[in-house]
Amino acid sequence: MARDLPPLNALRAFEAAARLGSVSEAARELHVTHGAISRQLKQLEEALGLALFAKEGRGVKLTDAGQRLGEAASEAFERLRSACAELQRHTAEAPFVLGCPGSLLARWFIPRLDRLNRDLPELRLQLSASEGELDPRKPGLDATLWYAEPPWPADMQVFELTAERIGPVLSPHHPRCAELRGAPAAALLGEALLHTVSRPQAWPTWAAGQGLAAGELRYGQGFEHLYFLLEAALAGLGIAIAPQQLVADDLAAGRLLAPWGFVETRAQLALWVPRRRLDRRAERLAEWLAGALA
């Protein structure tokens, strides 16, 4: 009996298109063009002598034959992914590389790193910091921890950890701390507010949550990164705005004050893992992070 298979590239393109329900999403996941996926699907249909997709409105749907092949292909490729992941874990001692914005790394992650390493020694965690936009698909990264807003891309397993909450903070050394800490939120409309160029919507989002007119906000010194913004606030140079998680330790120690509280944004602090590289270490890390953030 012949054991020949259709071209494996065509099967791989079909499995992605069937699983994601979209030729465009399949092209994005496999890092090829829409046309390349379409050609592979046509090649597979010609090799099998069967139609695998049928037109439905402006889109397509699987035929009965396509549904049957899709189930088999999905199971086969998932078993291959799992087997390869297991082999990699047992034959290589590569660390788990986590991408993380530098401000989140410095202000939240590093103070908890020793506990994480004790709790998850098998992770052999290696951290990669960046203040620019982190691409979870970047070669060399196993996962990325960052604040982002849904919807989530289809090629990512996103472990939502906690909603982002942002609010103004100031140091007890601020020249007007005693006066401001007892004042209503509207008092900040008269202050020259510290801000970052990387997050221009932070102050307007907070103002809207307080029922204040964002157009009446007045900005003072700007900083490129959140880390520097918070250092300026700690030095008493002004009032900054930051995610609650990144100032939690400073608030607990009394280094910063948050008299006006925090408001929830649409963003989530989440662990992003490319589905093609998903393994149990990512799931264990997500569980640990959720517990640490609780």
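Not measured: the values here are computed from a predicted model.
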*Could I get the full list of side chain to side chain contact (heavy atoms under 4.5 Å, CB included) partners for A290, not counting sequence neighbours?*
L161
*Salt bridge between E164 and R199, side-chain N to carboxylate O under 4.0 Å?*
yes
*List the atom of W108, the atom of P111, and the distance in Å for their closest heavy-atom pair.*
O-CD, 3.4 Å
*Look only at the side chain of T63 and the backbone of A51, and say whether a donor-acceptor pair between them is shorter than 3.5 Å.*
yes
*Identify whether the distance between the nearest side-chain nitrogen and carboxylate oxygen of E122 and R284 falls below 4.0 Å.*
yes
*Between E149 (side chain) and T265 (backbone), is there a donor-acceptor pair under 3.5 Å?*
no
_How close do R107 and L246 get, counting heavy atoms only, and between which atoms?_
NE-O, 3.3 Å
*Could you tell me how the ring of W203 sits relative to the ring of W206: parallel (under 30°), tilted (30 to 60°) or perpendicular (over 60°)?*
perpendicular
*Flag yes if Y227 and F109 sit in one hydrophobic cluster, no otherwise; membership is Ile, Leu, Val, Met, Phe, Trp, Tyr, and two members link when side-chain heavy atoms are under 4.5 Å apart.*
yes
_Under a 4.0 Å threshold between the charged nitrogen and the carboxylate oxygen, would D114 count as salt-bridged to R118?_
yes
_Pair Q221-L194, side-chain contact (heavy atoms from CB on, under 4.5 Å): steps then yes or no_ = CA-CA 5 Å; Q221 179 69 52; L194 304 179; 3.8 Å; yes
_Presence of salt bridge, D119 and R112, under 4.0 angstrom_ = no
*Closest heavy-atom pair and its distance - W260, A183*: NE1-O, 3.0 Å
*Please name the pair of heavy atoms, one in P6 and one in L44, separated by the smallest distance, quoted to 0.1 Å.*
CB-CD1, 3.4 Å
*Less than 4.5 Å apart, any side-chain heavy atom of D249 and any of R255?*
yes
*With a 4.0 Å cut-off, would you call R12 and E15 a salt bridge?*
no
*Roughly how far, to the nearest 0.5 Å, is the CG atom of L30 from the CD1 atom of I37?*
5.0 Å
